[in-house]
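Atom set for the values below is all heavy atoms of this structure, side chains included, hydrogens, waters and symmetry mates excluded.
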Amino acid sequence: QEYPDDAAALAAAITDVSPGLLAELERATTQFDITLMLHIINAIRAEHPSAAEQLEHLAQDFEYDQILRLIQQKWIIEWREYSECDKHTG
């Protein structure tokens with residue numbers, strides 16, 4: 001099976017994954033805990049099978065920095081959206 005290596009496609013795949021699960025995945029990834037990473041990815045699979053499949057592929061290929069970059073990119077985007085919203089309401 002083919003997996004997209006396009007960072008934009010991967011980033012889009014995790015857009016709707018819960019921040020809590022992504023934070024857990026980020027922590028497990030920084031600790032190089034593949035067992036925990038796969039456990040969290042399986043939890044993601046229930047609602048986001050495409051994202052889980054892509055994350056699992058990265059995890060099994062030891063592409064940990066790619067996983068971390070994707071998660072951190074999501075945090076940056078959310079922070080920017082929050083900041084923009086805050087500017088308009090404050």
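- Remark: the backbone N or O of Ile14 is not paired with any side-chain donor or acceptor of His48 at under 3.5 angstrom.
- A donor-acceptor pair is defined here as one N or O able to donate and one able to accept, closer than 3.5 Å; no such pair exists between the side chain of Lys74 and the backbone of Ala11.
- The line from CD of Gln73 to OG1 of Thr15 is 8.5 Å long, rounded to the nearest 0.5 Å.
- Note: Thr29 OG1 to Ile71 CD1 = 5.5 Å, rounded to the nearest 0.5 Å.
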Compile the donor-acceptor pairs under 3.5 Å between side chains in residues 33-46 and protein atoms, sequence neighbours left out, one pair per line.
residue : atom : partner : partner atom : Å
Asp33   : OD1  : Thr35   : N            : 3.3
Asp33   : OD1  : Leu36   : N            : 3.0
Asn42   : OD1  : Arg45   : NE           : 3.2
Asn42   : OD1  : Arg45   : NH2          : 3.2
Asn42   : ND2  : Leu38   : O            : 3.4
Arg45   : NH2  : Glu56   : OE1          : 2.9

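- No path of Ile, Leu, Val, Met, Phe, Trp and Tyr side chains, each step under 4.5 Å between heavy atoms, connects Leu70 with Leu68, placing them in separate hydrophobic clusters.
- Remark: the Glu26 side chain and the Thr30 side chain contain no N/O donor-acceptor pair separated by less than 3.5 Å.
- Side-chain contact between Trp75 and Leu22 is present, with at least one heavy-atom pair separated by less than 4.5 Å.
- Of all heavy-atom pairs between Ala51 and Ala13, the closest is CB-O, 3.0 Å.
- Taking the salt bridge (charged side-chain N to carboxylate O under 4.0 Å, His left out) definition, one finds that Arg27 meets it with nothing, sequence neighbours left out.
- Taken together through direct or relayed side-chain contacts under 4.5 Å among Ile, Leu, Val, Met, Phe, Trp and Tyr, Leu21 and Ile76 form parts of separate hydrophobic clusters.
- With sequence neighbours excluded, the residues forming a side-chain contact (heavy atoms from CB on, under 4.5 Å) with Asp61 are His57, Glu63, listed by chain and number.
- Crowding of Glu47 atom CD: a count of heavy atoms from other residues, nucleotides or ligands under 6.0 Å not exceeding 12.
- Closest non-hydrogen pair, Leu25 versus Ile67, comes out as CD2-CG2, 4.1 Å.
- Annotation: side chain of Arg69 is in contact with side chain of Asp65 (closest heavy-atom distance under 4.5 Å).
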